[in-house]
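To start, the structure under review is shown below, and the notes come after it.
These numbers were taken from a predicted model, which means no experiment stands behind them. Order of the sequence lines sets the chain letters (A, B, ...), proteins ahead of strands, with each chain counted from 1.
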Protein chains: 2
Amino acid sequence: MAYAEQYIEKLRKSGLRPTKQRIKICEVLFDAEKTFHFTIKELVKIIENQANIKVSLATVYNTVHAFIRKGYLKEIPLNASQSYYDTNVTHHHHFFDEEENKLIDIHQDDVDEVNIKRTIPGKKIKSVEVIAKIVSDNQSQK
Amino acid sequence: MAYAEQYIEKLRKSGLRPTKQRIKICEVLFDAEKTFHFTIKELVKIIENQANIKVSLATVYNTVHAFIRKGYLKEIPLNASQSYYDTNVTHHHHFFDEEENKLIDIHQDDVDEVNIKRTIPGKKIKSVEVIAKIVSDNQSQK
DNA sequence: CAACAGTTTAGAATAAATATAATATATTAT
DNA sequence: ATAATATATTATATTTATTCTAAACTGTTG
């Protein structure tokens with residue numbers, strides 16, 4: 001496992017000690033072939049299925065939020081009942097299918113660069129996200 | 001009060017009968033000089049301060065959601081602990097100040113048109129929102 | 001004024017997220 | 001390595017937003 005080193009590095013940079021549980025969280029998040037979206041509960045379920053390690057909700061919350069602070073994960077802005085996170089921290093955007101509660105990536109090439117001309121004194125822009133809500137297209141919309 | 005007519009119209013179009021409580025909600029939402037952002041709790045507080053009418057949380061939730069369905073209000077996509085709504089339903093975007101939990105409008109002229117080239121079969125885009133998260137700019141960011 | 005359909009309400013239920021404090025584990029200096 | 005110390009994990013309790021529910025209420029119509 002050459003990966004472990006990277007995970008320990010990520011954890012240390014996030015101000016967390018590398019523990020069994022946290023390394024398992026890293027494996028699930030950063031060892032996947034593709035980037036993906038998840039909720040905390042889904043992440044807990046994946047860990048339970050993949051490993052014989054028990055990880056509590058609290059640990060997952062803490063670790064995920066430490067990674068967000070460090071920029072290893074992104075929170076997807078959505079007024080949903082639960083928070084959605086993304087392992088893809090590159091610049092990209094999302095469709096949100098309101099009927100199926102499903103997120104779909106929009107590659108950055110598919111959206112013109114968002115250029116915000118206004119600034120707020122003393123503040124800098126941390127992130128820019130585009131959310132396009134989509135619904136069924138039943139031709140004749142009343 | 002010539003306004004009442006408009007409110008009754010809005011309520012009827014939203015599938016709601018015009019009742020005392022609902023008209024009061026309309027007054028607060030649509031009679032303001034400027035558009036504004038609010039949470040459900042804030043809205044309830046405003047009504048309590050402005051009028052001697054008691055309105056329950058449930059009624060406010062129901063009415064606000066009916067208006068959103070009809071397009072008289074917009075929900076602002078944000079992964080915050082509570083939902084934010086906007087009486088400004090014209091095309092515009094937002095800064096979200098993460099440190100002060102404050103929303104700031106970005107006029108549409110200050111953002112280049114967001115053009116999404118990708119489509120999802122059977123779906124149409126209902127709304128496109130840009131959220132720019134901002135934080136303090138302490139020059140030397142560690 | 002009685003019957004009825006639709007409203008409002010308080011309070012209960014649900015569920016996400018966070019806090020707590022006891023137990024377990026890891027780190028450090030020796 | 002080992003003991004002492006610091007930090008992590010966990011189950012549980014708490015908090016808070018939102019939704020649900022059922023009873024009380026309102027207003028309209030015959």
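- Put simply, CZ on B:Arg22 is 14 Å from C1' on D:dC25, counting in whole angstrom units.
- Between atom OG of residue B:Ser136 and atom NZ of residue A:Lys126 there is a gap of 12.0 Å, rounded to the nearest 0.5 Å.
- Under a cutoff of 6.0 Å and an axis angle of 45°, A:Lys10 and A:Tyr72 form a cation-pi pair.
- Atom-to-atom, CG of B:Leu11 to C1' of D:dG27 comes out at 16 Å; the value is rounded to the nearest Å.
- Counting any heavy atom pair closer than 4.0 Å across all strands shown, A:Thr59 reaches a base atom.
- Using a 4.5 Å cut-off on side-chain heavy atoms (C-beta onward), B:Lys74 and B:Glu129 make contact.
- Both B:Gln82 and B:Lys20 sit near DNA chain D, but only B:Gln82 has its closest nucleotide nearer the 5' end.
- In this structure, B:Glu99 and B:Val135 have side chains that are in contact, with non-hydrogen atoms separated by less than 4.5 Å.
- Distance A:Tyr61 OH to D:dA11 P: 15 Å, rounded to the nearest Å.
- A centroid separation of 6.0 Å or more is found between the aromatic rings of A:His107 and A:His93.
- At a threshold of 4.5 Å between non-hydrogen side-chain atoms, the residues B:Asp112 and A:Asp112 do not count as touching.
- Residue contacts for A:Ser83: at a heavy-atom cut-off of 4.0 Å it reaches the sugar-phosphate backbone alone, with no base atom in range.
- Taking a 4.0 Å limit (strictly below) on heavy-atom distances, residues 72-81 of chain B does not reach DNA chain C anywhere.
- Using modelled atom types and a 3.5 Å distance limit, the side chains of B:Gln108 and B:His92 yield no donor-acceptor pair.
- When the nearest nucleotides of DNA chain C are assigned to A:Lys41 and A:Arg17 by heavy-atom distance, the more 5′-ward of the two goes with A:Lys41.
- A heavy-atom distance below 4.5 Å is not found between the side chains of B:Thr119 and B:Ile125.
- For the pair B:Lys54 NZ and D:dC25 P, the computed distance is 15 Å after rounding to whole Å.
- Between A:Tyr85 and A:Phe36, the ring centre distance reaches or exceeds 6.0 Å.
- Read 5' to 3', the first and last nucleotides of DNA chain C with an atom closer than 4.0 Å to a heavy atom of chain B are C:dG6 to C:dA10.
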